[in-house]
Amino acid sequence: MRTALAGRRLTAAVVGEAPEAAWEEHVQRAAHPVAYPALRSARNRPVVRVPRIGVVVSDAALAREVLLDPDHFSKVGPGAPSDLWTPVLGPSVLLNMEGAEHAALRRALGPLFSPRAVRRLVAADGAGDTDGAGVLPDLTRRLADGETVDFAAAVSAQAGAVICGMVGLPPTDDAVRSSMAAAQTITGMVRLHRHGLTRSQVTQARAVLERLTAPARAAYRAGDSATVPGRMRDLGLSEREAMGAVGAFVLTGTETIQSFVPRLVAIAHDTGWTARLLADDAQLRRRAVEEGLRVTVPTPAMLRSVRGPASVGGVPVAAGDRVVIATVNCCRAAGGFDPDRPVDPAVRHLWFGAGPHFCLGMPLAVAQVDAVLDALAAAASDGRVPVVGRRRAAHGVLVPAYRSLKLSMRAVGGAGFPEVAA
Ligand code: HEM
């Protein structure tokens, strides 16, 4: 079921591409009109210096070499994530740490991402309730009843409910909305061509984060093991470490999900994969989800600061240089969405990073994606499939995403929605 692109306002650069590739390009450019084309222009060279951006790596094997060598390429230092996040989150929040302290904090946080803990968090929006309350049961019900829903908003509400679970808030509509808005206010300040935040951005980000994590602090102090902050205390984390980790989870783990799931469903729609994605076949779904991650790359780049003289793929680098792993280039070199094509081992899971900073939240991410797909599959149990209608890309966000993506159920083989870009 390939749909025609009638999006008049898609840029000339994407005209002529397959619909899923054209929409992806549009979503990426809406988020980063300057940095994305600059990164993509480096895609045919394994390593190249790009003025104002850094030493850009577009080859998966070289990217792994950098990520697995924290002695030379660090997350702490000029141009690294520490420049962005330390002023806001403090010095010890995993993504701005290295060495033994980093490994110890990761070990301490590990149990929060056990299968049981993750199931509990994902069910925090009420998905497991027997009375059917909650974001995902509501999504299933509305679709099954024939409503057109904004799928991007539903995924955002679900991601917000998980944040509420993490910070120890009940997932009321208001709490969910304001948690998501708070996370986005902070991440939306980040631009790849700037190495840090301005002083006023740091002040604003700190104030927003302080409000967002206030209930987490109270939950930590109360030591309630039913909450994530309470569990952090049980696991031996100090209040400072626990609040830093909550902040890091909120900033890394919400927009990625909000970005990925609607883009996956849109790609499945554009390539005729929806029925297979939602079929009762775990292996097929896993392949389609992994392929969706490979082509969307929700975290399009990873930053490292060079600690001392070294070389990357033959290009000499010096202390203080910034290395930009263009994960989006590394992962997309193999071509467009095709779950039937074997994945190059160098690329596999690179979308979650590699080495000591490999995504700690991967089990939670996978569980969240599965929960949303289960909700769609439940609506499709009568043989209809969700069909994408009008969609709009989000502008000025850190993680490229759809601002809205309309879905409704149609009989397989029935006419889809006309496609309209914004
Ligand atoms: C599709 C969703 C996600 C993707 C594609 C993704 C991707 C990544 C990547 C690429 C990194 C490594 C960055 C680097 O090395 O510079 C990372 C780290 C991290 N992610 Fe995720 N992530 C996702 C969801 C989540 C979720 C749901 C959480 C939940 C809390 C999370 C928490 C983290 C944390 C805490 C780190 C830092 C780990 C460290 O520095 O030791 N992520 N993620």
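Each ligand, and each atom within it, is numbered from 1 in the order the structure gives.
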- Item | Arg287/Asp340 ion pair, N-O < 4.0 Å | yes

What donor-acceptor contacts under 3.5 angstrom involve side-chain atoms of residues 363-374, with partners at least two apart or in another chain?
unit_1 : atom_1 : unit_2 : atom_2 : d
Asp370 : OD1    : Arg285 : NH1    : 2.7
Asp374 : OD1    : Arg285 : NH1    : 3.0
Asp374 : OD1    : Arg285 : NH2    : 3.0

Report, in ascending order of atom number, the atoms of ligand 1 lying under 4.0 Å from any heavy atom of [X].
X	answer
Arg304	14 (C), 15 (O), 16 (O)
Leu95	40 (O)
His102	39 (C), 40 (O), 41 (O)
Lys75	13 (C), 14 (C), 15 (O), 16 (O)
Trp351	5 (C), 7 (C), 10 (C)

- Message: Any nitrogen or oxygen of Gln368 lying under 3.5 Å from a nitrogen or oxygen in ligand 1? Just yes or no.
- Response: no

- Charged tip of Arg233 within 45° of Tyr220 ring normal and under 6.0 Å: yes

- Task: Using the salt bridge (charged side-chain N to carboxylate O under 4.0 Å, His left out) rule, take Arg231 and Asp234 through it: C-alpha gap first, then chi angles, then the decisive distance, then the call.
- Result: CA-CA 5 Å; Arg231 288 207 64 214; Asp234 292 346; 5.6 Å; no

- Hey, can you tell me if Phe113 and Phe249 have their rings parallel, tilted or perpendicular (30° and 60° cut-offs)? perpendicular

- Query: Tell me: protein heavy atom nearest atom 1 (C) of ligand 1, and distance?
  - Reply: Leu293 CD2, 3.8 Å

- Quick one: look up the protein heavy atom nearest atom 12 (C) of ligand 1 and list residue, atom name and how far away it is. His357 O, 3.5 Å

- Are Leu303 and Lys75 close enough that some pair of their side-chain heavy atoms sits under 4.5 Å apart? no

- Note on the structure: Counting only protein N/O/S atoms, those under 2.8 Å from atom 21 (Fe) of ligand 1 total 1

- Item | Derivation of the side chain to side chain donor-acceptor pair (under 3.5 Å) call for Ser58 and Asn329 | CA-CA 5 Å; Ser58 298; Asn329 293 348; 3.0 Å; yes

- Query: Among Arg263, Arg391, Gln258, whose side-chain hydrogen bond (donor to acceptor under 3.5 Å, both in side chains) with Tyr402 holds?
  - Reply: Arg391

- Query: Rounded to the nearest 0.5 Å, how far does OG of Ser305 lie from CZ of Arg322?
  - Reply: 9.5 Å

- Message: salt bridge (charged side-chain N to carboxylate O under 4.0 Å, His left out) for Arg276 and Asp281? Distances and angles first, verdict last.
- Response: CA-CA 8 Å; Arg276 279 171 285 175; Asp281 180 336; over 6 Å; no

- Item | Per atom 38 (C) of ligand 1, closest listed option by heavy atom (Gln258, Arg106, Glu98) | Arg106

